[in-house]
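The structure appears below as structure tokens.
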There are 2 protein chains.
Amino acid sequence: MDMARERRRLSAEDWAEAALQALGDGGLAAVAVEPLAARLGATKGSFYWHFANREALVTAALELWERRSTEATIASLTVEADPVQRLRMLFTRAAGRGEGNPAELAVRAAATNDTVAPVLRRVMQRRVGYLVGLFEEIGFGPAEAARRAMLAHTAYLGHGELETRLPGTLPLDRAGGLPAYVDSVLTLLLADAPRQAEEAPR
Amino acid sequence: MDMARERRRLSAEDWAEAALQALGDGGLAAVAVEPLAARLGATKGSFYWHFANREALVTAALELWERRSTEATIASLTVEADPVQRLRMLFTRAAGRGEGNPAELAVRAAATNDTVAPVLRRVMQRRVGYLVGLFEEIGFGPAEAARRAMLAHTAYLGHGELETRLPGTLPLDRAGGLPAYVDSVLTLLLADAPRQAEEAPR
DNA sequence: CCATGTCCATACGCTAGCGTACGGTTGGCG
DNA sequence: CGCCAACCGTACGCTAGCGTATGGACATGG
């Protein structure tokens, strides 16, 4: 009677992986040593061999998350040359996943935590920076690009929150569904797009 | 030597008020009986006279929050007749407060909690519903109004999150500041408005 | 084949916070 | 005044989770 639960020894990565999983499932509070140990079929003895304390585990999980978020964004980046199409891809991907991005939501929900805050800040600044570049590439001037990037980003944040936390709150059923919404948002974000180079704010 | 801490007896409202305060300050986890008792200069004996358990306290605090959020929105509503101006007011108020809305952020961060979820859902649905009505009043059809309301709402959510959690992440310094941003967002949200597409003030 | 370093289980102590039991105040009313 | 009910303090038990101590298992090279 060998269960699916294998009996091999655990590495620090195994713990970090499980921690990230738990973070997505139950929030930062769920990144707890003893529950995780039980989930992994091990005990605290194993954990405290690999990590100094709980905070180190949280840090490791966040590192994992940060790396993957960044990689994912970069992956989306390299495919398409046209910035407008890149923007469309980003929005489609962001809005597309059914249940949203639980890990990110958990990280954001724990934004007040001292371990979490700097990681989150880095990720967001990278994102906004990328978006600003995108809008500049499209042809907006620096100021207008920053404003549109910020609108795009905040809309992304709010959307993800609604999608994963309160599904069904979105009034999309009578609004043509998600694709129509993405189209609409993109249209608004690109309203009055200049051909290229600079533009003068109204 | 009479301290500022008065010695009068506490009501359930006092506890609920303190709980709401703690919620804003330290999140849902900070709504804890013993710390609050200490903060109020009382003990658990008092608390468990007024409330059955911690969850009842959380419920009371949320009730307080829900009522006030609703009242605040309604208050903003009754002043101005022009829907475009109402929208502008909403955005200006939302973006204006310096440190944001800590209580709301705490509630949203605790969205997975079973006590919190229904309250949050109600508030958000009311908000979105109001926004949809606003955009319809402006002249958009139901579907388009829903989409723009959703964009407005998600942008509001994301903005509040950034403002209170990660101040300084907003790339507004080189984008003309917050008023310019609000103008820009409003312009985009009202792009191609059917009827009286009048907007321009500075 | 056994010794050493790696990895883990068990057992323990400690803390914060929930909830209960119960006795003591306090204040208004008869 | 005196009494009853509302209100509160104190003490207690309980749980979950952190962190430590220590001995044992297990592989692997000498």
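Note on naming: letters A, B, ... go to the chains in the order of the sequence lines (proteins, then strands), and numbering restarts at 1 for each one.
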Lys/Arg N to Asp/Glu carboxylate O, Glu144(B) vs Arg148(B), below 4.0 Å = yes
So which nucleotide from dC8(D), dC18(C), dT20(D) ends up closest to the side chain of Ser46(B)?
-> dC8(D)
Roughly how many Å is it from CG in Leu40(A) to P in dC8(C), rounded to a whole number?
-> 10 Å
Taking atom P of dC18(D) as reference, at what distance in whole Å does atom CZ of Phe51(A) sit?
-> 13 Å
Specify the separation, in whole Å, of atom CZ of Phe47(B) and atom P of dT20(C).
-> 11 Å
Looking at Arg121(B) and Glu66(B), does any basic side-chain N land under 4.0 Å from a carboxylate oxygen?
-> no
For the pair Asp183(B) and Arg88(B), find out whether any cationic side-chain nitrogen is under 4.0 Å from an anionic carboxylate oxygen.
-> yes
Polar-atom pairs under 3.5 Å, protein N or O versus N or O of nucleotides 4-6 of chain D: list them with distances, or write none.
none

More 5' along DNA chain D: Gly45(A) or Val31(A), using each one's nearest nucleotide?
-> Val31(A)
Residues Arg68(A), Glu17(A): salt bridge by 4.0 Å N-O rule = yes
What's the closest nucleotide to the Ala42(A) side chain, out of dC18(C), dA9(C), dC8(D)?
-> dA9(C)
What integer distance in Å separates Tyr48(A):OH from dT22(D):P?
-> 17 Å
What's the CD-C1' distance between Glu34(A) and dT15(D), to the nearest Å?
-> 11 Å
Thr43(A) has a side chain; which of dC18(C), dG17(D), dC8(C) sits nearest to it?
-> dC8(C)
Can you check the Arg54(A) CZ to dT20(D) P distance for me, whole Å?
-> 15 Å
Ala32(A), nearest nucleotide to its side chain (from dG17(D), dC8(D), dC18(C)) = dG17(D)
Could you tell me whether Phe51(A) and Trp15(A) have their ring centroids closer than 6.0 angstrom?
-> no
Could you tell me whether Glu34(A) and Arg39(A) have a side-chain N and a carboxylate O separated by less than 4.0 Å?
-> no
Here the distance between atom P of dC18(D) and atom CG of Leu57(A), to the nearest Å, is 9 Å
Return no unless some side-chain N or O of His50(A) is found under 4.0 Å from OP1 or OP2 of dT6(C).
-> no
Are any side-chain N or O atoms of His159(B) and backbone N or O atoms of Gly158(A), one a donor and one an acceptor, separated by less than 3.5 Å?
-> no
Starting at atom CH2 of Trp15(B), determine the distance to atom C1' of dC18(C), rounded to an integer number of angstrom.
-> 13 Å
